[in-house]
Amino acid sequence: MSLDLSNYELLWPTSLFVSEGERILRSKSSWQDRATWLMTEALAGTTAVADFEDLPNHTAPTADPWATTVTGWGTNRAVMDQHDWFTELINRAPELRHAAAPRPYWPQRRGNGLAHDGSTARDTRRDFARLIGEFANSGYLVEVFGEECVDDHSELPDASEVIDRRLGIPDLWPLAPERWDEDTFYGLIEVFHDLVSRPRTRRYHSYSGCGWHHSEFHNGPARVLYRWKVNQLLREAGIEYELAAEGEDLGRLVAVTDDARSALVHRALSDSAPDITTRIRHAIALFRGRDTSAESKRSAIVTLAGILEERRALIKEQVGKPDEGALFEIANRYDLRHRRADQHGDYDEAFLDWIFWWYLATVELTNRLIVARNLT
């Protein structure tokens with residue numbers, strides 16, 4: 001009997017769902033509650049949870065993982081227990097489709113694009129506030145904002161003060177997107193990246209209708225999910241920034257690049273020696289920050305040029321002297337490193353983009369050459 005995945009849709013990145021699911025499968029106790037909470041968060045609707053709860057409830061895998069039960073028609077069939085069902089769900093997660101927004105309904109197709117209150121149909125700031133509300137409802141802000149309980153009368157942290165200490169702007173909680181300017185909006189995007197933390201467990205406190213209480217927080221999965229959702233929101237709104245997933249500017253808004261350049265950044269950061277990685281991380285942060293300037297781009301290039309200068313003998317050996325010289329002539333003859341009067345300075349800023357990516361690609365190439373040489 002194989003699991004039918006056709007009725008399940010993911011709300012999370014597949015890799016995050018798999019990693020959290022595998023962690024649950026390694027846990028020793030209360031794994032069913034953790035699995036239910038994960039599926040409640042990561043899968044659309046309640047179908048998966050209902051299917052899971054209908055299965056035999058074993059606290060650990062049995063010697064015979066297939067149980068036999070009698071159907072209403074008097075025939076036998078094999079039925080998975082919860083552990084095997086959840087294991088297959090996680091193993092086959094790459095087969096799950098992601099939930100998509102519904103196709104436009106009649107008013108959106110025929111209307112003038114305005115909501116009833118006269119606002120535009122795509123108000124990104126309000127969408128972001130709703131997104132933060134969803135994170136808050138799922139307990140992702142409990143670690144920093146606290147959580148009310150009828151049995152606990154201690155004073156909770158002031159959420160506005162928590163944000164003010166980081167952003168330097170008072171009275172931002174509860175969120176009021178209609179009052180934000182652009183800097184406040186982008187600042188809040190970055191602040192909440194650092195505040196969210198996923199509760200891996202929860203318990204229901206029934207007394208006086210108190211509700212769910214969350215615990216066992218971990219910021220790593222929360223930030224992965226947060227970046228994924230916020231970047232999707234920004235992309236759909238046509239905003240050409242995204243939250244960086246790695247580097248010195250992790251969790252900060254940076255200029256969007258294509259997939260190939262994103263992959264190059266990842267390889268350059270992942271495959272370099274620790275001392276080189278620190279310098280590359282700094283160069284990337286200088287180059288792609290939201291407030292980047294021509295001067296910061298020059299500084300980023302100079303940092304990469306310094307790494308290549310240290311590897312000049314390797315480049316000369318592998319590439320050849322004429323081409324090796326051309327690589328450094330760019331940095332020396334143009335207004336980048338030495339800033340002499342006889343250097344060229346009247347070039348378009350696009351030139352800085354080109355030379356940065358060329359130098360970063362060359363650093364990544366020399367990383368591979370060093371690995372290959374060490375293997376021989």
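Counting from 1, the numbers follow the sequence of the chain as shown.
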Just checking, any donor-acceptor pair under 3.5 angstrom between side chains of [X] and [Y]?
X    : Y    : result
R202 : H213 : no
H98  : E9   : no
T303 : R279 : no
S160 : D171 : no

Aromatic ring pairing F351/W354, orientation class (parallel under 30°, perpendicular over 60°, tilted between):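 Correct class here is tilted.
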Ion pair check, [X] and [Y], cut-off under 4.0 Å:
X    : Y    : value
R252 : D249 : no
R290 : D183 : yes
R200 : D33  : no
R368 : E364 : yes

Within-4.5 Å side-chain heavy-atom neighbours: W12 and E20: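 Yes. Closest side-chain heavy atoms under 4.5 Å.
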Quick one: does T124's side chain get under 4.5 Å of F185's, heavy atoms only?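 With C-beta onward as the side chain, the pair touches.
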For E242, all residues meeting salt bridge (Lys or Arg N to Asp or Glu O under 4.0 Å), sequence neighbours excluded: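 Salt bridge (Lys or Arg N to Asp or Glu O under 4.0 Å) check on E242 returns nothing, list empty.
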Who are the side-chain hydrogen bond (donor to acceptor under 3.5 Å, both in side chains) partners of T257, not counting sequence neighbours?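 Applying side-chain hydrogen bond (donor to acceptor under 3.5 Å, both in side chains) to T257 gives S262.
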Stepwise, does the side-chain contact (heavy atoms from CB on, under 4.5 Å) test hold for Y140 with R198? CA-CA 5 Å; Y140 279 64; R198 180 176 185 257; 3.3 Å; yes
Quiz: residues 48-56 side-chain donor-acceptor pairs under 3.5 angstrom, not counting sequence neighbours:
from : atom 1 : to : atom 2 : distance (Å)
D51  : OD2    : Y8 : OH     : 2.5

